[in-house]
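Every number for a ligand or one of its atoms is a count from 1 in the order of the listing. For the numbers below, each heavy atom of this structure counts, side chains included, while hydrogens, waters and symmetry mates do not.
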Amino acid sequence: MANFTLPTLPYPYDALEPHIDAKTMEIHHTKHHQAYTDGLNKALGGLGADWQNKNDIVEILKNIDTVPESARGAVNFHGGGYNNHALFWTSMKKGGGGEPSGDLGNAIKKAFGNFNDFKDKFSKDTVAIQGSGWGWLVFNKGSNSVQFITMPNQTSPWTKWKAEKLVPLLGLDVWEHAYYLKYQNRRADYVAAWWNVVNWDEVQKRFQQAGH
Ligand code: MN3
């Protein structure tokens, strides 16, 4: 039986106040992320033993094309949601923000000109996502550079691995459940506030691990 479990947050629910409120964090984690976790387990549980025994979500997403068609849509959605949120929680921290330095800072400058241009593009294009989705800074292993992409719904950048060798570095959830309690319809205000909690040390670590 597939047994992915909800990861615990590395900080209390109120740690990201006032930028992201405690109630939103608690519901987002215990209800929404839990639902993706349950949905992933259910989708894999309906498949053969070889799929039920898999426990590496990144490998599953990289090979989404091999998931039997009966479950592929559900695994794409719930498995993407499972991994996206795990990355999301750990890419934020109390007292975050600022700019990345070192290799990552240089890669962002090379790709976008400077940090503010990167931030503007990321913000503008993520705010503009129609409906629900995520904005992502990714590392493209093929071109050895970072780039910005948007992904619809819960589809993970890892699902583009075979075609484009993309590694997710920093994602921003702009589903309404991520901001509606505090910001209502003001997605742009939520996106602007979120930069204050970005954990660049963690993003830098992912960049190193991606083998740039
Ligand atoms: Mn979410």
Note to self: Whether Lys121 and Asp125 form a salt bridge (side-chain N of Lys/Arg under 4.0 Å from carboxylate O of Asp/Glu) is what I want to check.
What the structure shows: yes
Check: Does a side-chain N-to-carboxylate-O contact under 4.0 Å join Lys182 and Asp189?
Finding: no
Check: Trp158 ring centre to Lys160 NZ or CZ under 6.0 Å, with the angle to the axis within 45°?
Finding: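 The answer is no, since Lys160 fails at least one limit relative to Trp158.
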Looking at [X], pick out the N, O or S atom nearest to the Mn ion (ligand 1) and give its name.
{"X": "Asp173", "value": "OD2"}
{"X": "His28", "value": "NE2"}
{"X": "His177", "value": "NE2"}

Check: Is the NZ atom of Lys162 crowded by more than 12 outside heavy atoms at less than 6.0 Å?
Finding: yes
